[in-house]
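Okay, so here's the structure we're looking at.
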There are 2 protein chains.
Amino acid sequence: MSPASRTVPSARPMRADARRNHDRILAAAAEAVAEQGAEASLEEIARRAGVGSATLHRHFPSRQRLLEAVFRDKVEALCATAAGLAGGPDPWHALATWLGAVAAHAVSNRGLAASLMRGAHDGDPALGATCHTMITNAGADLLDRARRAKAVRPDVPITDLLKLVNAICLAVEREPDAAAQADRLLTLALTGVRKAGS
Amino acid sequence: MSPASRTVPSARPMRADARRNHDRILAAAAEAVAEQGAEASLEEIARRAGVGSATLHRHFPSRQRLLEAVFRDKVEALCATAAGLAGGPDPWHALATWLGAVAAHAVSNRGLAASLMRGAHDGDPALGATCHTMITNAGADLLDRARRAKAVRPDVPITDLLKLVNAICLAVEREPDAAAQADRLLTLALTGVRKAGS
DNA sequence: ACTTAAATGGGGTGGCCCTCCGGTTATGGT
DNA sequence: ACCATAACCGGAGGGCCACCCCATTTAAGT
């Protein structure tokens, strides 16, 4: 659970001040991103955290890294939701509600969609389990079940589905009624995913 | 056709040097945006045009204004396409192919989707016929025909449709196979628009 | 307490957007 | 052909930002 042990438990534990700063930065970043979205100023985040900008850049070498850290908890929650829904009797319903939950999280946490979109492929490699891959894996399971139940087209990859969800959220992010719009557009798109027969 | 006469024909014609700079800026902007997307540096555009940054800002007070000018031709072409398709026998097909054309333009002209998304509502008002409204009007006609032919759900507004298209294009813009992905995702979303019955 | 390696942050560099203002130039009337 | 003038130009500068260097501070192990 601690930042030091979460990524590489074998690494030497962080120094106390380092960890403290790490956490303060993370808290400040969460706050700033919630207010201003994924493009929030890194310097202001450092300022809020009461930390030099160099310290922020040392702890998080790229904006993407910082966002991943900020949203890790939320993403883990979504993955847990997916696991919970996987046991349900209606695979289609499970998939649909989960995608709705992803959208809901994305619109209520500005910047999440952008963070989820940019996978490990662009930006820095050597980035272990990114939000992108975590979400993808969680969704793949739900989609697989729905596919086996013949509730979805067999040729739709989970990446496309998530790209659609994130695209929608990204697009409506700065509208006043983002949640309502995202829901409407997602429903629109989803009905096309469901087979005509079922 | 000339920049001076297109917007307000009654206005006094621009001075020769002003018009020359206007055109050079536009050309440089088109080039830069094609390479780097809608976020291209305005200063670099001015530099490419061999013009001071102040001149650029005088001709185009906001980035949005510049993008609108850059894409005006493309948007007009899309509107013309819509008008041409409106006469066809199959309203659904007309709508679908037009949306495909919009997507194709958006992925092959980086920044267009972003420009289309931001309507007149945000940013500066008093912006006459923006790309957003032009496209919306052109699409409304096609959608209306399709709706009258009962080929689409009656409750889907054209704004949602275009938002979906632009969202998709924006999301896949920086992927290597953007065109293919956009097409796939659009088809996915569109099939949900079409009524199950027809 | 003392040593040492890790961590810090002020300050510098270079880039961006945007505005002011003194100098320049095209233009229309004479 | 000339001039007065309004329109236009662009360098310089302010404010903000990401990112890096390095002298200084500080936690951790003995």
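Labels below follow one simple rule: chain letters A, B, ... track the order of the sequence lines, proteins then strands, and each chain is numbered from 1.
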* Figure out the CD1/P separation between B/I25 and C/dC18, and round it to whole Å. => 14 Å
* Asked: Between C/dC18, D/dA18, C/dA7, which nucleotide has the shortest distance from any of its atoms to the side chain of A/R58?
  -> C/dA7
* Encode nucleotides 24-30 of chain D as B, S and - characters from 5' to 3', where the letter depends on protein heavy atoms closer than 4.0 Å: B to the base, S only to sugar-phosphate, - to neither. => --BSS--
* Check each residue of residues 48-56 of chain A for a non-hydrogen atom within less than 4.0 Å of any atom in DNA chain C, then write out the ones that pass by number, or none. => A/V51, A/G52, A/S53, A/A54, A/T55
* Mind checking what makes salt bridge (charged side-chain N to carboxylate O under 4.0 Å, His left out) contact with A/R48, not counting sequence neighbours? -> A/E31, A/E35, A/E44
* Asked: Quick one: which of C/dC18, C/dG9, D/dC9 gets closest to the side chain of B/H59?
  -> D/dC9
* Specify the separation, in whole Å, of atom CZ of B/F60 and atom P of D/dC9. => 11 Å
* To the nearest angstrom, how far is B/Q64 atom CD from C/dC17 atom P? -> 15 Å
* Asked: In whole Å, what is the span from the CD1 atom of B/I45 to the C1' atom of C/dC16?
  -> 12 Å
* Flag the pair A/R15 and A/D17 as a salt bridge only when some basic side-chain nitrogen lies within less than 4.0 angstrom of an acidic carboxylate oxygen. => yes
* Atom of B/A182, atom of B/V172 and distance for their closest heavy-atom approach -> CB-CG2, 4.0 Å
* Asked: How are the rings of A/H59 and A/H22 set to each other: parallel, tilted or perpendicular (split at 30° and 60°)?
  -> perpendicular
* To do: Could you tell me which non-hydrogen atom of A/T81 sits nearest to which non-hydrogen atom of A/W98, and how far apart they are?
  => CG2-CD1, 4.0 Å
* Structure fact -> Between CZ of B/R24 and P of D/dG10 the distance, given in whole Å, is 9 Å
* **A/A179 versus A/V107, closest heavy-atom pair with distance** => CA-CG2, 4.0 Å
* To do: Tell me whether the OP1 or OP2 atom of D/dC8 has a side-chain N or O from B/N21 closer than 4.0 Å.
  => no
* **Distance in angstrom units between B/H57 NE2 and C/dC16 P, rounded** => 12 Å
* Value in whole Å for how far the C1' atom of D/dC20 lies from CG of A/L42 -> 14 Å
* Structure fact -> Correct closest heavy-atom pair for B/A167 and B/M117 would be N-CE, 3.8 Å
* Base C/dC16 to side chain B/E39, donor-acceptor N/O within 3.5 Å cut-off -> no
* Could you state the atom-to-atom distance from CZ of B/R65 to C1' of C/dC18 in whole Å? => 16 Å
* Asked: What heavy-atom pair brings A/L143 and A/I158 nearest, and what distance separates the two atoms?
  -> CD2-N, 3.4 Å
* Asked: Are any of A/R47's side-chain N or O atoms less than 4.0 Å away from OP1 or OP2 of D/dC17?
  -> yes
* Asked: Would B/H105 and B/F71 count as a close aromatic pair, with their ring centres under 6.0 Å?
  -> no
